Q: 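Take a look at this one; I'll ask things after.
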There are 2 protein chains.
Amino acid sequence: MPSSKLNNKCPIDYALEVFGDRWTLLVLRDLMLSGKRHYRELMTSKEGIATNILASRLQKMETDGLIIRKQNSEDKRQIFYELTEKALDLIPVLLEISRWSVIYDKDTAAPPELMRRFNEEPQQLIAELKDAARTRQT
Amino acid sequence: MPSSKLNNKCPIDYALEVFGDRWTLLVLRDLMLSGKRHYRELMTSKEGIATNILASRLQKMETDGLIIRKQNSEDKRQIFYELTEKALDLIPVLLEISRWSVIYDKDTAAPPELMRRFNEEPQQLIAELKDAARTRQT
DNA sequence: CTGTATCCTTAGGGATACTG
DNA sequence: CAGTATCCCTAAGGATACAG
């Protein structure tokens, strides 16, 4: 198994360790592109993740430095998840994947305006998406 | 599970179905960036894939339209795998992933010249890599 | 609401022997 | 060489109940 290698040198190996499972990329999508921040919101995504799986995934993502678990300063019971720069830097990966899927799977759809802008001005779009995610954080 | 949805609309879902497992992306890497074309070559990659897994992955990749299984016209026993355009269009995805891993994992390395060119002239690099893969095919 | 704790099932994958 | 065919095993994931 790729993740058991001690001296791990291949970039693809590392990526597979961090988000090469069945759920992490979907959770990242919801946090980064759908603007979700709470457990309950993540639970509602149409793929139907189980509660124990979501919890374990969130923990691993925190360990891997993708998210930070925070509580609302007024109501301590309110938990939300903040994306790190490391996670935000996966936006281009998600967009590239989306572009590919939209081309090759007829049943796949993505916001056309998003895809158009990714083709025409990718840098600016990425910067905007990052900014949007950052300002959503607080 | 994401793959069981009938009306699958999210691009990330589709990508996960096609290459969201532990091996497909590594096999693609070897075919696309390392120039491997034969079963025996794919067997030697450092992650150590099992023979049955490699065989099943190659079959699924053919079903999914990523590769074409061919035999040498002179020596029919010689089998090799040819990448489709659908697979070649994943080069940007692999490069984006690599860029990210190199930044965030200190143990990860990639050819620096490759990464430099991906930053400075991505379109040209991608075109070159595709061409290289295509000419290798025959 | 945000998770733990269990229990259970299954698909994915490792090891190895074997085949045309 | 390019795989099949088995056997086995475990980690990943579903379902559900429950807790703070």
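Convention: sequence-line order gives letters A, B, ...; per-chain numbering from 1. Computed from a prediction, not measured in an experiment: that's the story for all the values here.
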Q: I want to check one thing: is the phosphate of dG3(D), taken as OP1 and OP2, less than 4.0 Å away from some side-chain N or O of Q59(B)?
A: no
Q: State, yes or no, whether a side-chain contact exists between F118(B) and E96(B) at a heavy-atom distance under 4.5 Å.
A: yes
Q: Taking protein heavy atoms under 4.0 Å as touching, what does nucleotides 15-20 of chain D look like 5' to 3' if B marks base contact, S marks sugar-phosphate-only contact and - marks none?
A: BB----
Q: Answer yes or no on whether R37(B) is positioned over the face of Y81(B), meaning its NZ or CZ is under 6.0 Å from the six-membered ring centre and within 45° of the axis.
A: no
Q: Would you please name every residue forming a salt bridge (charged side-chain N to carboxylate O under 4.0 Å, His left out) with R40(A), sequence neighbours left out?
A: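 So R40(A) forms no salt bridge (charged side-chain N to carboxylate O under 4.0 Å, His left out) with any residue.
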Q: Is the W100(B) ring parallel, tilted or perpendicular to the F19(A) ring (thresholds 30°, 60°)?
A: perpendicular
Q: For E85(B), what residues pass the salt bridge (charged side-chain N to carboxylate O under 4.0 Å, His left out) criterion, not counting sequence neighbours?
A: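 For E85(B) the salt bridge (charged side-chain N to carboxylate O under 4.0 Å, His left out) partners, ignoring immediate neighbours, are R134(B).
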Q: Per the end-axis method with five pairs at each terminus, what is the bend angle of the helix from dC1(C)-dG20(D) to dG20(C)-dC1(D), to 10°?
A: 50°
Q: Quick one: salt bridge (charged side-chain N to carboxylate O under 4.0 Å, His left out) partners of E121(A), sequence neighbours excluded?
A: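 So E121(A) forms a salt bridge (charged side-chain N to carboxylate O under 4.0 Å, His left out) with R117(A).
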Q: Between I53(A) (CD1) and dT2(C) (P), how many Å, whole number?
A: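 The answer, rounded to whole Å, is 19 Å.
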Q: Return the set of residues passing salt bridge (charged side-chain N to carboxylate O under 4.0 Å, His left out) with E113(B) (not counting sequence neighbours), or none when no residue passes.
A: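 So E113(B) forms a salt bridge (charged side-chain N to carboxylate O under 4.0 Å, His left out) with R116(B).
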Q: Can you measure K60(B) atom NZ to dG13(C) atom P for me and round it to whole angstrom units?
A: 10 Å
Q: Measure from CG on L26(B) to C1' on dG12(C) and round the result to the nearest Å.
A: 15 Å
